[in-house]
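Please read the structure below before turning to the comments.
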Amino acid sequence: MALFDSRFLKQLEYLSLISKRVFRGSLLAQRRTMQLGGGIEFADHREYTAGDDFRYLDWNVYARHGELLLKRFQEEEDLHVYLFLDCSLSMGFGTPAKFDYARQITAALAYIALADLDRIAVIAYSDQVVADFPLTRGKDRILSLLRFLENLEPQGTATDLARVATVFTQRTQRRGLAVVVSDLFDPQGFSQGLDILRHRRYEPNIVQVHDPAEADPHLLGELELIDIETSAGQKVTITERALRRYKQIFQDHQQAVRQYGRKYGLSCIQSPTAVPFDELILRMMRTAGAVQ
Amino acid sequence: MNFVTPAAFWWLLLAGPVIVFYILKIRLRRVPVSTILFWRQIYEEKPPRSIWQHLRHLLSLLVQLLMLSLLVISLTEPYFSWQPLQARKLVLVVDNSASMRATDEKPSRLHKALDLAGSLITSLRFQDEMAIVAGTQPQVVCGLTGHPRTLYNALNSITPTDGPTRVADGVALAKRLIGSSRNGQVIVLTDGCFVGSEGYLSAPVADAASVGSPAINNKTNTDASSVGHGVSVQLAVIGKRTSNVGITRFQARRSLLDPIGYEILAEVVNASDEPVECRLEMELNGEVLDVVPLQLAAGAEWSHTFEKATADGGTLIAKLNRPDALETDNQAWALLPKREMQPLTLVTEGNLFLEKVLEANPLVQLTVKKPTEPQPTTPGSVVVFHRTVPAKLPAGPVLVIDPHGSSEFWTLGEKLPNPIVTKQDKDSPLMAHVRLDNVLMPEAHKLTFTNPEQVQVLVSALSGDPLFAAIEHPGGKVTVLTVNLDEGDLPLRTVFPIMTSNVLSWFAGQRGELRESLAAGAVVDLKLSQAGVPPEAVLQPLVLVDPQDRQRSLPEKSDKVTLGPLDQCGLWSIKPAPKEPAAKEQAVAPLVQVACNLANRQESDIRPAQILIDKASESPALRGAGMRPLWYYLLVLAWLLAALEWCLYQRRWIG
C-alpha cells in the first residue's frame, strides 16, 4: 500500500475542511503573524531612532508628551510555513516506521496550508539538509509535494538540527512558521536547533513522534544495543531496574521537550506512532487554538 | 571417605566445557535501537561492567563448578570408612492385623506404619540390609537387601488385613532371617494391641512399669522371646488409645427343637474407657430381623442368643450403628442355608406315634401307605418301613423300624428280650443329642448283616447285637432300628423325635447344614463334595473369591481344598473359574460360601498400653528414621547451589 493513497488524500481534504470550519484562522496561514511590519493594524510603540521613517512617528504623542515614538503595525502578509522533516535513520525505527508517520503529518500540514493559500517549503534533514522542497503556493502543488515526500528515505549518520537550522537561516527568505517533525533524538540536544530558529525570528512548532517500543522497550538480559543512526554498539545487561530507569529517562526527555515549548510559547505536540495521524492533526488544531 | 563407584569421577571432565563456555562467552544478542543516548545515560550513572558484576560472573562460574563437583561426588556414592564395619541387618516386622486398620491415625495406622517403614528404608546406610516381614501368617515380603526400590515395592505390596496380630511369629521369623549376624535389629511396626506387647520393652522398662514410673527411656529388648541371640528387638508403636465397640462373636446354629429354626449368638464388647450407647441391627437378606439397643459400660461386654426360624435361609448380617475408628468389627456375617422339603413315605400297618413324630417335622412331606399299596419310586424320597420289609429295599434313603423280615442287607433272627444298651457311637451325627441307655426297650430283633463292612453300628446291646445301625451302599443309605416301638417307652421319650430328625438330616447329607462363621485369619480345610458341590463342578477349575472380589485359584480336580488364611471379613465364595478374563464381571452363583468375621477381642481393643504410647516418640527404632545417605545431602547442596546460581542469574536480569 502506497504511503499516500487516495484514502490518505481524502483524509487530507477532510482535515482541510475541518480546519476551515472549526479552526478558521487558527492553525497556520490565516492567523496573524508575530512579525511586525507595514500592516494597518496597530501593534505598539517604540522609541524613534535615527533613520526611522518619519511617516510612522506618532505625532499625537509627541504633541502631548514631547516624546518621539514610532508606531508599529502588525504585518499582514502570507504566512510562510517551513516544514522540517527529520530524515535521520532513527526515524526509520518502529512499526510502522516513525518516518512514514512523520511524512504523513508533514503532508497533512502542507495540504492544510496550501489549501489556505499559504506558502510552504519542506526541508528534509538529518545531519544536513538532504532534500528541499522549495517554497510553493497553491493546492495544485500538493501532488508534487507528495511525490517529493514519497521519494525520501531515512539516511545520514546522525541528527543535527542545529547545523541544518544554521544553514537554513542563512538563506534570504521571509520568516514564518518552522514546524519541526522529528523524534528529537539529537546527540547535541534538541533545543540547540530550535533556539537558532527562534533567535532568527522563526516561530518553531514541535511535532515530536516516537514509537511505543521506545517508550516501553521489552528488552531484558545481556544485549548489545546498536544505534541504528551511528551503528555504535553498547554492551549492556538490562535488568528490570535498568529498564525502569530507562523509562524514567525517556519520560524526562519528553517532559523537557514539553517544558521547552511552554517556556517559549511554542506549540508542542508529542505522539506515539500508534495514534492515527489525522487524530494528531486535529489535536494540533485544538492545541494551536488554545495557544493563540 | 570411600566411594562405591569412583569411576563416576570421569564426569568431572564436564567442568571443561563449563569453563570454556565461560571464557568464550556466548555472543550477545544484537538489538537495534533508535538511539542509545538514554541507555548510555543509565550506564554512565552505574557502569554495567563494574568490578562487582565481573565478580558476579566469576562467582557464577565457581558456583557452577562446585555444583558439578557435588553432583559428581553424589554419583560416586561416597561413604565413611566406618559404615561397612557397622553395617546393619534390619528386619521390619509390619503388623498388618485388623487393629492396624484403625483410623485414629490418618488415614490409618497401617498407612502410618508404612510411611515410617519408608523413612527407615531411606535411612539405610551403605551396606546396610533390610528385610520386611508381614502378613496374617507372617511371611517374608522381601528378603535381606540393600536396594531401596525393591524394599519400597515390597512395602507397597503390604495390604491391610482383618487377621489377628502375630507379632511373636513375625519376630521369630525376623530373628531367623538375621541369624547370627552382628548389628542385627528387628523393628516391629505395630499398634501394640496384642498380648505381651509390653514384653518387648526391656527389663528395666518392665520394672518401671510395674511401679508406675514414667522415667523410662529404653524400649529395647535384646531377646524378648529368647529365640534370637543378641538381636535387638525394638517396638515402634503407632496409634493412640482409641475407643471402639465391636462385634466379637456372631454365630448361627440349628435349633435342637425346630428343624427350620436356628439360634444366633451375638456378642458385643465395649473396648473403651467410657460407657457407650449403640444399636445392634440384624438383617436377613436385607430385611430387618431384629434391632437391639445396647447400653454398655466401659469395658463391658454383652451377649445374647436369638431364636429365629426360616426355611429359606440367606445371609445374616449384624451391624453396629455406631461409627468408630475400627469399622471392620462393626459388621458380622453368618450364612443360613436353605432347608429343602423332604418327601417321606411311611409304609406301615399303623403307628400313631411314628406318624406324629414324622408329621411334627416341618420339613417332611409325609405320605402314609399300607404295605399292600404300591411303594414310591420317586428318587430322593425317604421311605420308612415299619415292621414290613420288602425283599429288596428301594434305592435311596430308607429307614426300617422294627423289621419283621429279612432284606438283602440283613437276615432277621430271633427276638431279643429286654436288650440293654451298652454301647453308643457318640461321634456319629445320627447319635447327636441321643442317649438310649435309660430308655426302656422290652423287645428288639436280632439282625445278622450280610456285609458287615458296610454297616455302622450306632447302638448295640449287651449281647453285642445291633439295635440301631446305618448302612451306606452304592444305592443309598439305610438305617435300621430293631426296637419294637409298641412295647417300650421309646416313642414317648424326647430322644425319639431327635433320632428321627438326625436320621432325616443324615439322609439329606450336608445339604442345608449350617456352616459356622470363621474368625478372620483362619485356615480351613473343606471337602467340596460334603459342602454340597456337585461332583461335576469339582472337576472344573474353581476360584476362591474374597469379599473384595479378588480371586485366588484353587487346586484343580481336588475334592479337598484348603481355604485361607481368610484375612478379610465378609463372605468368601468358591465359584467356577471364569473361562475368559472378560467373564470376570459376570455374576456367577457361588458353589460354597463361607462367612468370615473379625471375632477377636484383642483386635477390637485398639487401646495400646499407655506405657507404649508414652514412649512412642522416644522409640530408638525411630531414631535415625528419615536420615539419608551422604550422596543425598550432597545432592541437596548441589540444588541449593543451583538455586543460588538462579538467584545470581535473576539478579543480572531483574537487578
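Lettering follows sequence order; numbering is per chain, from 1.
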B:L65 and B:I19, any side-chain heavy atoms less than 4.5 Å apart: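 The answer is yes; the side chains approach within 4.5 Å.
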Are A:I105 and A:S271 close enough that some pair of their side-chain heavy atoms sits under 4.5 Å apart?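 No; the side chains remain at least 4.5 Å from each other.
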Side chain, backbone, both or neither: which part of [X] has an atom under 4.5 Å from a heavy atom of chain B?
X      : result
A:H253 : side chain
A:L89  : neither
A:A232 : both

Lys/Arg N to Asp/Glu carboxylate O, B:R40 vs A:D227, below 4.0 Å: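 Looking at A:D227 together with B:R40, the answer is no, because their closest N to O distance does not fall below 4.0 Å.
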Do you know which of A:E214, A:M91, A:Q248, A:E229 has the most heavy-atom pairs under 4.5 Å to chain B?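 Ranked by contacts with chain B, first place is A:E214.
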Do the rings of B:F3 and B:F9 sit parallel, tilted or perpendicular, given the 30° and 60° boundaries?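 The arrangement is perpendicular - the two ring planes meet at more than 60°.
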